[in-house]
Each structure stands twice: as structure tokens, then as C-alpha cells.
J.: 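Have a look at this one.
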Amino acid sequence: MPLQVKAFQGLYPAMRVLFCLVALGACGTEANHLGNPLLWPVTLPVSAVEEAVYSARRAEVSSFVAANYPALLDEIRASGGTTLSEAFDLARVPAASRAEVTARFAEDIALYEADQEALVVALMVSGP
């Protein structure tokens, strides 16, 4: 029998669990998308709530863009307007960066004219 198994055999069941927990606790020192397995009971519900909030906000931005698409394109070309400001509010784009974001949108106006969903994605990415 390998040395590790012999050393592990003599431990009580509670000590085995403790050993496994400590070993799992060492996970997560490097970048990965799963994180520390010991924190999953906390992070999974939090992630689910965050995803639900994001999805609801994205749906709201998407429906706003669909309802105001021509006006949004006109205001992007004109470097701003009330409809574009409302879209920024819905997407939570910081007020300090709105001028820069509008200029970037104006540079890529051909993309947004061709694809309404691209404008939704750009708005969401510009927010937090």
C-alpha cells in the first residue's frame, strides 16, 4: 500500500473530513472561474441573484432600445439627447463617461445601424 493511504487509514472519520476540508481550502489560490469549493454554498446563490438582476436590467435596456431605435441612432449621430440619456440611465452608464461612450458609439454607428442588438450589448458593457 502506498505511504499516503497508510497514513490516511489511521485517521478517524471526522479527521478525514477535516483533512479534506483543509485540502479543499487550499484550492483557489490561482485564477479559475469556479473559485474556492468551500465558498460554493455562498457564492452560488449570490451569483444566481446577480445574474437575475443583470438579466432583468438587460431586458429593460433591450426593450427600450427596440422602442426607441431610430431616435437613439439620431441622438448618437448628434452626440447626445434625452432618449440616449434615458438609455444610459437604464444601462447605468456613469455620467462622467457618457460623452466618451457617445463618441465611441458615433465611431461605430454603421454597426449599430445594421444590428440593434449590438447597441444593446454596447450599452450594457458601458455600464457597471
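In what follows, every heavy atom counts, from backbone to side chain, and hydrogens, waters and symmetry copies are set aside.
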J.: Members other than Val125 in its cluster, when Ile, Leu, Val, Met, Phe, Trp, Tyr link by side-chain heavy atoms under 4.5 Å?
T.: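 Members besides Val125, by chain and number: Val121.
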J.: Go through the structure and list residues passing side chain to side chain donor-acceptor pair (under 3.5 Å) with Ser62, not counting sequence neighbours.
T.: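 Partners of Ser62 by the side chain to side chain donor-acceptor pair (under 3.5 Å) criterion come out as none, since no residue qualifies.
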J.: Output all residues satisfying side chain to side chain contact (heavy atoms under 4.5 Å, CB included) with Thr43, sequence neighbours left out; order by chain, then residue number.
T.: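 For Thr43, the residues satisfying side chain to side chain contact (heavy atoms under 4.5 Å, CB included) (neighbours in sequence not counted) are Leu39, Trp40.
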J.: Which residues pass the side chain to side chain contact (heavy atoms under 4.5 Å, CB included) test with Ser47, sequence neighbours left out?
T.: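 Side chain to side chain contact (heavy atoms under 4.5 Å, CB included) list for Ser47, sorted by chain: empty.
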J.: What's the separation between atom CG in Leu90 and atom CG in Leu123, rounded to the nearest 0.5 Å?
T.: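 Separation between the atoms: 9.0 Å.
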J.: Which atoms form the tightest heavy-atom contact between Ser126 and Val93, and what is the distance?
T.: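 Taking every non-hydrogen atom into account, CB-CG2, 3.8 Å.
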J.: Does anything in residues 79-96 pair up under salt bridge (charged side-chain N to carboxylate O under 4.0 Å, His left out), and if so which pairs, sequence neighbours excluded?
T.: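 Every salt bridge (charged side-chain N to carboxylate O under 4.0 Å, His left out) pair that includes a residue of residues 79-96, provided the two are not neighbours, is Asp89-Arg98.
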J.: Quick test of your reading: applying ring pair (Phe, Tyr, Trp, His ring centres under 6.0 Å), list the pairs with at least one residue in residues 58-101, sequence neighbours left out, ordered by first then second residue.
T.: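 Listed once each, the pairs would be none.
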J.: Please collect all salt bridge (charged side-chain N to carboxylate O under 4.0 Å, His left out) contacts where either partner lies in residues 105-116, sequence neighbours excluded, each pair once.
T.: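 Found Arg77-Glu113.
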J.: Can you give me the closest heavy-atom contact between Ala87 and Leu72, atom names plus distance?
T.: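 Result for this residue pair: CB-CD2, 3.9 Å.
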J.: Mind jotting down which residue pairs meet the salt bridge (charged side-chain N to carboxylate O under 4.0 Å, His left out) criterion with at least one end in residues 40-61? Sequence neighbours excluded, please.
T.: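 Non-adjacent pairs meeting salt bridge (charged side-chain N to carboxylate O under 4.0 Å, His left out): Arg58-Glu117.
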J.: Measuring from Ile76:CD1 to Leu84:CG, what's the distance to the nearest 0.5 Å?
T.: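 Separation between the atoms: 5.5 Å.
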J.: Quick one: closest heavy-atom pair of Leu111 and Ala118, and the distance?
T.: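 Closest approach of Leu111 to Ala118, heavy atoms only: CG-CB, 4.0 Å.
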J.: Do the side chains of Glu75 and Thr102 get nearer than 4.5 Å, heavy atoms only?
T.: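 When only atoms from C-beta onward are counted, Glu75 and Thr102 do not touch, as no gap falls below 4.5 Å.
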J.: Enumerate the residue pairs fulfilling ring pair (Phe, Tyr, Trp, His ring centres under 6.0 Å) with a member in residues 106-128, sequence neighbours excluded, ordered by first and then second residue.
T.: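 Every pair satisfying ring pair (Phe, Tyr, Trp, His ring centres under 6.0 Å) with a residue in residues 106-128: Phe105-Tyr112.
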